[in-house]
Structure formats: structure tokens, C-alpha cells
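For reference, the structure discussed in these notes is given below.
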Amino acid sequence: MSDEPQPQQPNRGWAPGEPQAAGTPGDGRPKKPKRPKRTGWRRLIPTWRVVLSTCVLAVLLLVGGFFLGYSLVHIPPANALATKESNVYLYADGSVLARDGEVNRESVDLARISKDAQHAVLAAEDRDFYTESAIDPGAMVRAAWNTATGKGKQSGSTITQQYVKNYYLAQEQTVTRKVKEFFISIKLDREKSKDEILEGYLNTSFFGRNAYGIQAAAQAYYGVDATELTAAQGAYLASLLNAPSEYDVVAHPENKPAAQARWNYVLDGMVKKGWLAQSERAGLTFPMPKETTVSTGMSGQRGYVVRIVKDYLIQNKIVTEEELDRGGYRITTTLQKDKQDAFVKAVDDKLMSQLDQKNRKVDTYVRAGGASVDPKTGKVVAMYNGIDYVKQYTPNATRRDFQVGSTFKPFVFTSAVENHSQTQDGRMINPNTIYDGTSERPVQGWTGTVYAPENEDHHDYGDIPVREATDKSVNAVYAQMAVDVGPDRVKQTAIDLGLPADTPEMPEGPAIALGTATASALDMAEAYATLANHGRHGTYTLVEKVTKDGNEVVELPERQERQAVSREAADTTTAVLRGVVQNGTATAAQAAGRPAAGKTGTAEEDTAAWFAGYTPDLATVVAVMGQDPVTAAHKSLYGAMGLPRMNGGGAPAEIWAQYTRDALEGEPVTDFDLQLQAGANASQAPSDGPSDDTGTGDGRDEDDTDRDGTTGGEDTGTATPGQTGGASTEPGDTAGGDTGGDTATGGPATGGASTEPGPGGGTTGGGDTSSDGGTTEGGDTSGAGGGGTDTGTTAGGGIPIAPRLQ
């Protein structure tokens with residue numbers, strides 16, 4: 001063996017070697033770098049694997065849930081709508097007023113429904129019904145989004161879904177019901193044809209007026225069968241599906257613009273889908289429905305009351321329309337049967353029995369409405385809505401489409417006192433403030449278009465105190481007063497007293513004083529009740545109690561009451577309005593036999609005449625309106641009852657007096673307890689001296705054309721005892737006919753124009769030659785008649801006939 005070193009064989013085990021490059025395995029192959037750990041906000045973001053897995057799982061759950069729901073939910077039998085319970089309406093004493101449980105429905109085949117009517121419903125509710133599936137997910141999502149974002153509660157249901165809800169399910173808005181509706185709709189779409197579903201929908205839908213199904217609706221609104229419905233009529237009925245209680249333009253004339261807009265939408269949809277020619281569409285006019293629509297079970301006042309009480313419950317969110325439709329409610333109203341009967345009798349005695357509809361066409365236009373409110377509680381104790389619900393469908397006590405006329409003027413004066421307003425020349429406005437009563441005198445201080453209202457019969461009164469201007473309803477005075485106060489303040493006072501803020505035609509301009517507003521008789525009764533209650537306002541109420549299924553008590557909203565205007569403002573207005581009854585245009589109201597205050601009013605063209613009045617215990621408003629029974633157009637009442645004109649001092653005041661006397665029979669007579677505005681007894685002279693007519697505030701005959709300033713004219717009438725006195729809150733201590741006005745102050749020398757009866761009647765015409773015209777107001781022989789056109793004719797008991805003024 002050689003001593004030389006031998007070469008070493010490779011060692012199979014471990015031996016130190018050269019360091020390996022990082023990231024390479026021992027066999028020399030490159031090693032994959034490790035994934036860095038997710039830190040910070042990146043840990044919150046799911047990986048694509050997680051996202052994909054979640055989506056797959058969700059799809060599987062949805063599919064599984066769908067098939068599970070589809071297999072578990074079955075098409076149920078029809079619901080029990082045909083045997084639904086009645087709703088019972090009671091008088092305040094618990095006696096039955098009406099029941100509304102009859103279901104008015106007649107099912108018909110699709111072939112017996114006109115194509116125009118079918119297409120109108122499709123255009124209104126589901127234009128793609130024949131081409132779409134039973135459900136529309138996009139519409140459902142859109143409706144949910146609009147509801148959630150405050151764009152109003154909306155439905156994403158197809159006609160199929162609506163039919164399922166109407167025919168198979170209840171109306172409650174629950175998740176369970178919607179899930180059932182979803183699956184039943186899909187099954188139904190597979191088992192029934194589109195025509196069958198549409199037929200079922202048209203026969204089960206509610207159109208208002210207690211009409212279920214389009215056949216009943218066609219008869220209720222137009223007196224025809226469904227097969228005879230025109231495109232215009234069908235479009236209106238289809239519009240009702242959206243809001244039956246709101247779009248009935250006969251029951252709610254104030255909603256006619258909204259109903260017409262919906263009607264146009266339906267017709268435009270028919271044109272867009274090719275179901276109606278554009279040329280035919282252009283020639284269509286809105287088809288007014290008829291009034292006679294219901295069964296005799298709702299005849300007389302019953303049907304009106306049921307409709308009004310239903311509206312009250314729905315609008316105040318006490319009970320929904322769907323809940324009322326299912327029935328089972330017992331509703332005790334605030335109406336008192338004896339007072340309700342007295343109201344009907346008064347209208348019949350003083351108005352309806354005086355009409356001759358065979359020989360006077362204008363008498364066929366006559367309508368009457370009224371409402372009576374307890375000032376202390378706000379309870380509506382009686383209403384008059386029309387001669388018969390089955391003959392005249394519109395409830396005249398709540399309609400808001402006739403001008404209230406001069407019954408609005410007291411709100412102007414109340415606002416003046418409440419806001420301590422002054423005339424243009426800086427005089428405080430009170431009952432004795434002198435105004436220029438010249439007809440067509442331009443209103444001063446108004447920056448808008450020149451406004452120069454005319455007085456009744458263009459009569460010029462010259463300088464006249466507010467008290468007398470109210471007695472004679474002088475437009476020129478009150479238009480100027482509205483500007484002196486501020487029309488915006490006048491409007492707010494009217495709202496504070498009780499008129500709805502959205503009352504139509506209540507402008508913030510001088511015209512507001514003349515009563516262009518179209519408030520309802522019930523609205524006006526609420527406002528006048530506030531005056532009777534010394535300025536404290538509480539919203540009226542029609543319902544005492546509501547129970548469901550005999551035992552469940554439905555919660556009613558708590559009545560809110562507040563001091564709407566100061567007591568001085570309300571009471572001073574009452575003092576002025578007492579003069580209207582004692583000396584002015586409403587002397588017929590004295591027949592009530594109680595202390596009373598009130599105001600007459602006449603709408604433009606004599607389309608309506610009003611009397612709004614109150615005692616300390618009862619506020620009542622009566623309106624006589626003119627309406628064509630065929631076209632529903634407003635009509636003038638010239639010649640009605642065989643009289644030249646229809647004024648508030650005539651039939652309305654006479655109805656008011658008889659009703660008030662009978663309604664309060666047996667109750668103690670109470671007098672007004674008034675706290676008057678400071679300075680209400682102080683007369684004021686006009687700042688610019690005497691006017692062309694210096695016989696102001698002197699009770700001269702209204703038609704006197706003498707302008708020599710020496711007398712107030714001659715009146716041959718006989719004064720009524722107890723009608724005179726001066727401007728104090730206590731009886732005058734001398735005859736009210738004292739003509740010796742204080743020329744320094746323009747006020748009465750003694751007594752004054754009391755709001756209480758004076759001890760004796762006047763003896764002279766009350767003429768005054770003083771430059772300021774500041775004479776007594778009630779001391780002449782025409783004082784009982786308000787210085788009007790009385791020529792000595794008296795009504796029973798020596799009361800002069802009321803002059804027919806605005």
C-alpha cells in the first residue's frame with residue numbers, strides 16, 4: 001500500500017458544504033416564498049374564496065328555500081269577505097244609527113266587462129300583465145326603496161298578487177302574508193290563465209261606495225252594466241282602485257283635481273299601450289259620476305253620517321279603510337238623536353217645504369248643509385247633509401267647494417283685536433273705529449294689484465263705525481281692515497280658530513276678508529265654537545268610543561285644547577256679532593229666544609247663503625247652496641223659494657233659529673260672559689274729518705240718498721224693545737235713541753251701544769250733524785232692523801223683517 005494519500009469517496013451521510021442560496025431547496029430547486037400575513041384593514045376584507053363560497057351557499061339556500069316554500073304553501077280556499085261582519089254606528093245615547101254590513105257585489109264573466117274597462121284597469125295597475133310573470137321583483141324592490149326613503153307607501157304588487165291578497169288572504173301588512181302571497185301567486189299563474197286571474201281581480205277589487213267588483217262599481221257610479229262602460233268611465237273607475245275614499249269626486253269635490261290627474265294618467269297609459277286611439281283620447285271629457293248610488297239601508301241622514309264618520313276614523317288614523325271594510329266595529333258617535341232630528345225638521349220646515357220644484361227650476365238646485373258643535377267639548381252634536389243619501393250623495397256639511405262669504409269677516413276683526421292692529425292713520429281698531437264705507441273705494445296701503453270691492457247693491461255708506469259695518473256687512477270696510485291687520489295675520493287667525501290650513505281659496509290679500517275661502521260648514525262651526533268658548537280652541541270630535549269584535553277598545557287620539565286667541569279678542573268679536581242679530585242682517589235669529597251672536601254671508605253670484613251663529617252653549621252653521629243635480633255645477637239661487645235673492649238672513653238664519661230653540665229646549669238660558677278689549681267703548685272719528693256722507697253710525701235708512709248731513713233719513717218702522725243701548729257691556733240707562741253724541745270724542749252721550757238690551761226702544765232717527773259722525777248706534781226706530789231698508793213691516797212679536805244684505 002502506498003504511503004501517498006488516497007482520494008476520498010463521497011460520504012452518503014451529512015457533511016458540511018457550501019451554504020445554499022436562500023429560497024432554494026437542498027436539491028437545488030427554487031423554493032416558493034411564504035405568503036405574507038394579512039395585517040391592518042386588509043384582515044377585514046374577505047378573500048375571493050370566501051366570497052365565492054358565500055355566494056354559492058346563498059344561492060343554494062335561496063333555491064332550497066324557494067322549493068321548500070313552494071312545496072309547503074298551498075292555494076287556500078277563498079276568504080270570508082262575502083260573509084264579513086257589519087259595522088254598527090250608534091248615537092251618543094247608544095241607540096243604533098246605522099249599519100253598513102251589506103256587501104254590494106255581483107260577479108260577472110270577463111266577457112261581460114267592456115274591453116275599454118279592462119284596458120283601463122290594466123293601464124292603471126299593471127300594464128304588462130299579459131306578458132310578465134306573476135311577480136315583478138324589480139317593482140317590489142323599487143316599491144320597498146320608495147317606501148323606505150320616504151316617497152310614500154307604495155305597492156310593488158302585480159295584478160296577480162293583488163288578486164291573491166283580495167281573494168285568498170287577509171289585508172294585513174305582514175311578512176308572513178307577503179311570503180304566502182308570493183308563492184300562491186306563482187302557483188296560481190301556473191294553474192290559471194291570465195284571463196281567469198284578471199276576471200277574478202275585477203270581481204274582488206274595492207271601488208268605494210261599498211261597491212265590490214267592477215259590475216257593482218259601474219252601477220254605483222254610472223248606473224250602467226260593466227259591459228257598457230266607456231273608456232272615460234272605465235278610466236275613472238280604474239283610478240278609484242288607487243284611493244277609493246279620496247277620488248270619489250262627488251263625496252269629495254275638493255279632490256277633483258287629483259282624481260282628474262289620475263284619470264288622465266290612465267288614459268295616457270291606454271294610448272301608450274295601443275288600447276286607445278290618440279284621436280279618441282283627445283275627445284274625451286271627465287265623466288262625472290252620479291249621486292244616487294246606495295241601498296235604502298243608507299237612506300236619509302244615515303248614509304251621510306256613516307261616510308263622514310268613516311272618513312274621520314281613516315283620516316285620524318284610528319282605523320284603516322281595510323280594517324273597516326272587514327267589519328266588526330261598534331262606533332259610538334257624538335251625535336245626539338234629539339238634536340239631529342231637530343236639525344232635519346228645521347231644514348224641512350224653513351226651506352224644503354217652501355220649494356216648488358215643478359214650477360221653479362231654480363228650486364231644483366237648492367241644497368242645504370249644516371253642523372252644530374258644543375263649544376265647551378268640541379263634540380259634533382248634529383249635522384245636516386242633504387235630503388236623502390240615496391238621492392243626493394254629497395255630504396253638504398263637509399264639502400269644501402262653496403265660498404263662505406261674509407261669515408269670514410269676524411275672523412278679520414278678531415285678528416285686528418288679537419294683533420292690536422291700527423288703521424292706516426294710526427287709530428287702534430275697535431268696534432267703534434270709523435272707516436270709509438264707500439263702495440268700490442280702493443284699498444289703501446295694499447301694494448298688490450289695485451283692489452276696490454263693491455258693497456252689496458253698490459251702496460255707499462260713507463264714514464261708518466266697525467260695529468255698524470259688521471251689522472250691514474260692508475265690504476269696503478272689511479277689505480281695508482284686512483290690509484290694516486295684514487292678510488297673512490288674518491289667515492293665521494282663521495287657522496288658529498279652527499279652519500284647516502289647506503282650506504281652498506284663502507288668499508293672503510284683501511279679498512280674504514270677503515270670504516272667498518271654501519271652507520265646509522263643519523269647519524266654520526269649529527271656528528265659531530272657538531269664539532263662543534272665549535278663544536279656546538279644541539279640534540272637533542265625531543266619535544266617543546270604538547270597539548272591535550265586542551270587547552277590544554280602540555284607542556282614540558287625545559283631544560288637544562289651547563288658547564287660540566285671547567279672550568278679549570274672542571269676546572269683543574262676540575259683542576260685535578251680537579249686534580248683527582239684534583240690529584243687523586240676522587234679526588231672524590232672534591227667534592231662537594236666547595242671547596245669540598252670528599254673521600250672515602253670501603257667495604258670489606248668490607250660489608250660497610250662510611248663517612254662522614252661536615249661543616254660549618251651541619255653535620251652529622247653516623248653508624244653503626245651489627248645485628245642478630245633473631252636471632253638479634254651482635248655480636245661482638236668484639228666485640229660489642219665490643224670493644228675489646237668497647241671503648244668509650233669510651232661510652239660513654231661520655233654520656238656525658228653529659234648530660237652536662228646539663235643540664236647547666229645557667236647558668237653562670245662559671248669557672254671554674264677556675271681557676272686552678280695552679277701549680272697545682271709545683268711539684273714534686276719522687282722521688281726515690267728515691266724509692261726503694256725514695250720517696254715519698246714526699242708524700239712518702240704508703237706502704237714504706240724502707247727503708245734506710242733517711239727518712240719517714226717515715224710517716217708519718217700529719222699534720223692538722230691548723234692541724237698543726250704547727257701546728257698553730251693561731244696559732244703557734237711557735233710551736238708546738239719544739242723538740246728542742259727544743262731538744269731542746265722537747262717542748255716545750249716554751248709555752251707548754250696549755251688548756246687553758237697553759231698557760227701552762229708541763224714539764228718533766238718531767241723526768247727528770256733528771262733523772265726526774260719532775252718534776249712537778242703536779237709538780233710532782230702525783235700530784232693531786239695523787238701519788236697513790225696513791219700511792215698518794214687522795215679523796212676529798214686533799221684530800222687523802231682516803234686510804236682505806250680504
Side-chain angles (χ1 to χ4, degrees), residues 404-414 416-417 430-432 435 437 455-456 461 464-475 477-478 481 513-515 524 527-528 531-532 570-592 594-602 609-616 619-623 647-657 660 672 674 676 680 697 699 702 720 722-725 727 736 753-757 777-778 782-790 795 799-806:
V404 301
S406 293
T407 57
F408 195 94
K409 286 175 180 171
F411 306 154
V412 181
F413 180 74
T414 302
V417 179
N430 65 35
N432 301 299
Y435 270 94
N455 297 328
E456 183 83 358
Y461 292 91
I464 186 172
V466 168
R467 189 189 304 275
E468 187 180 355
T470 308
D471 291 349
K472 298 178 178 178
S473 203
V474 182
N475 291 337
V477 170
Y478 269 90
M481 190 188 301
L514 275 58
M524 296 298 287
Y528 271 71
L531 295 175
D571 285 2
T572 305
T573 301
T574 296
V576 171
L577 296 184
R578 290 206 62 186
V580 177
V581 175
Q582 293 171 345
N583 310 312
T585 57
T587 54
Q590 295 174 14
R594 291 173 179 265
K599 185 71 186 74
T600 57
T602 308
W610 298 69
F611 180 68
Y614 52 95
T615 70
T620 306
V621 174
V622 179
N647 286 320
E654 293 168 1
I655 292 169
W656 183 94
T660 302
F672 291 103
L674 305 179
L676 301 188
E702 177 186 324
T720 303
Q723 296 297 319
T724 61
S754 174
T755 60
E756 300 298 328
E777 188 177 312
S782 65
T789 57
D790 177 30
I799 300 174
I801 294 176
R804 296 194 174 278
L805 298 174
Q806 193 172 16

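- Partners of W610 according to the ring pair (Phe, Tyr, Trp, His ring centres under 6.0 Å) rule, which considers only residues two or more places apart in sequence or in another chain, do not exist here.
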- request: Output, in order, the C-alpha distance, side-chain angles, deciding distance and verdict of side-chain contact (heavy atoms from CB on, under 4.5 Å) for Q582 and D471.
  value: CA-CA 9 Å; Q582 293 171 345; D471 291 349; over 6 Å; no
message: Is there a side-chain contact (heavy atoms from CB on, under 4.5 Å) between Q590 and V581? Walk through the geometry before answering.
response: CA-CA 7 Å; Q590 295 174 14; V581 175; 3.9 Å; yes
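- Side-chain N or O atoms of N647 include none that pairs as donor or acceptor with a backbone N or O of G649 at under 3.5 Å.
- In plain terms, the two heavy atoms of V580 and G598 that are nearest each other are CB-O, 3.3 Å.
- Taking T470 as the reference, Y478 meet the side-chain hydrogen bond (donor to acceptor under 3.5 Å, both in side chains) condition, with sequence neighbours excluded.
- Judged as a side chain to side chain contact (heavy atoms under 4.5 Å, CB included), and not counting sequence neighbours, the contacts of A416 are S421, I429, M481, V485.
- A591 and A657 get closest at one heavy-atom pair: CB-CB, 3.9 Å.
- In this structure, T615 and T660 approach most closely via the heavy-atom pair CG2-CG2, 3.8 Å.
- Neither side chain, K599 nor T585, offers a donor N or O lying under 3.5 Å from an acceptor on the other.
- In terms of the side-chain hydrogen bond (donor to acceptor under 3.5 Å, both in side chains) criterion, residue partners of T620 (sequence neighbours excluded) are, by chain and number, S372.
- Using modelled atom types, one side-chain atom of K409 and one backbone atom of S473 make a donor-acceptor pair closer than 3.5 Å.
- For T414, the side-chain hydrogen bond (donor to acceptor under 3.5 Å, both in side chains) partners two or more places apart in sequence, or in a different chain, are T573.
- Not counting sequence neighbours, the partners of F411 by the ring pair (Phe, Tyr, Trp, His ring centres under 6.0 Å) test are F408, Y528.
- The shortest heavy-atom contact between N432 and P465 is O-CB, 3.9 Å.
- Qualifying side chain to side chain contact (heavy atoms under 4.5 Å, CB included) partners for A597, counting only residues two or more places apart in sequence or in other chains: T574, L577, R578, Y614, F672.
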- request: Could you give me the CA-CA distance, side-chain angles and deciding distance for F611 and V621, then say whether side-chain contact (heavy atoms from CB on, under 4.5 Å) is met?
  value: CA-CA 6 Å; F611 180 68; V621 174; over 6 Å; no
task: Carefully, step by step, assess I464 and V477 under the rule side-chain contact (heavy atoms from CB on, under 4.5 Å).
output: CA-CA 8 Å; I464 186 172; V477 170; 3.7 Å; yes
